[in-house]
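Some notes on the structure that comes next.
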Amino acid sequence: MVRIGISTACFYPEPIEEALPVIAGLGVHAIEVFVNTESEFSPAFAQSFGAQARSLGLDIVSVHPFTSLMEGILLFSDYSRRTDDGMRQYERYFTFAESLGARFLTFHGERDMGGPDDPARFAHKAEIYRRLCALGASHGVTLAQENVAWCKSKNPAFLRNLYEAVPELHFTLDIKQARRAGRDPREFIEAVGERIVNIHINDFDANESCLLPGAGNMDYGDFFSRMRAVHYDGHALIEVYRSNFHDPAEFTRSLRVLSRYGTV
């Protein structure tokens, strides 16, 4: 059974610890934590934040680092020393996720600069992904590549190539990012569906790529049917922007809509 939750990213720029009681007050138990700055990865902050989440009955499913904007230059350049430093940085992120009991680290990867990779270049990148996956696994955390409209991951074919080259890699499906890339979410299910471990869910209409669930015209029945067909039993975490709602109480309707397909 799919479990419905909410990402702290919905409440940015409020401090992430202030989002926790709001989410818990909606009766939600599953969350993704979008970490917004370096100090939030410190052991002291992690201890305090984790204790607060547990006291509110919140299960931290995944962690999303703010450095997702820089993952291409941090990890995939030809400057090997920077890659090694990037690995050490992401090990701290995996340690943070482990301390919170999170199972997944959401990852954007490289920005799309145009043009396909040659075989040697792709092989180099696949090896970096293997290193990241092994690093995560050493902390009990799975690397989950997200489809992102401004990254190489916007292309289902690119993700399928990663799927085949890096069996350890898993995936986060983001509905709004698919929409912004001009893609149907079904394309990503077809490409990597068996290894999707997390969903960022929202709604959309002809004019807006990101709305609260229930505020647009997404066919959730068809979507969740397709996810069931690939045996998905993970989470669907609402991830919208602060501009998409006026009051957190508006999430109540979204949770009611999504509860037809999963449990809160």
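Computed from a predicted model, the values in this text were never measured in an experiment.
Seen from the ring of F223, R226 does not count as a face-on cation partner, given the 6.0 Å and 45° thresholds.
Between the D203 side chain and the G216 main chain, a donor and an acceptor come within less than 3.5 Å of each other. Under the 3.5 Å distance criterion, the side-chain polar atoms of K125 are left unmatched by any main-chain donor or acceptor of D117. Distance alone, capped at 3.5 Å, places no donor-acceptor pair between the T8 side chain and the A19 backbone. Counting only distance, with no hydrogens or angles, the side chain of R82 and the backbone of I73 share a donor-acceptor pair below 3.5 Å. The backbone N or O of N217 sits nowhere less than 3.5 Å from a side-chain atom of D205 that would complete a donor-acceptor pair.
Qualifying salt bridge (charged side-chain N to carboxylate O under 4.0 Å, His left out) partners for R88, counting only residues two or more places apart in sequence or in other chains: D85.
Applying the side-chain hydrogen bond (donor to acceptor under 3.5 Å, both in side chains) test to every pair with at least one member in residues 46-62, sequence neighbours left out, gives these pairs: R3-D59, E32-S62, D59-R103, S62-N198.
The heavy-atom pair separating F76 from E71 by the smallest distance is CD1-O, 3.5 Å.
Below 30°, between 30° and 60°, or above 60°: for F41 and Y93 the angle between ring planes is below 30°, a parallel geometry.
The cluster map of Ile, Leu, Val, Met, Phe, Trp and Tyr, joined by side-chain heavy atoms under 4.5 Å apart, puts V61 and M227 in different clusters.
Ion pair R160/E164 flagged as a salt bridge, since at least one NZ, NE, NH1 or NH2 atom sits closer than 4.0 Å to an Asp/Glu carboxylate oxygen.
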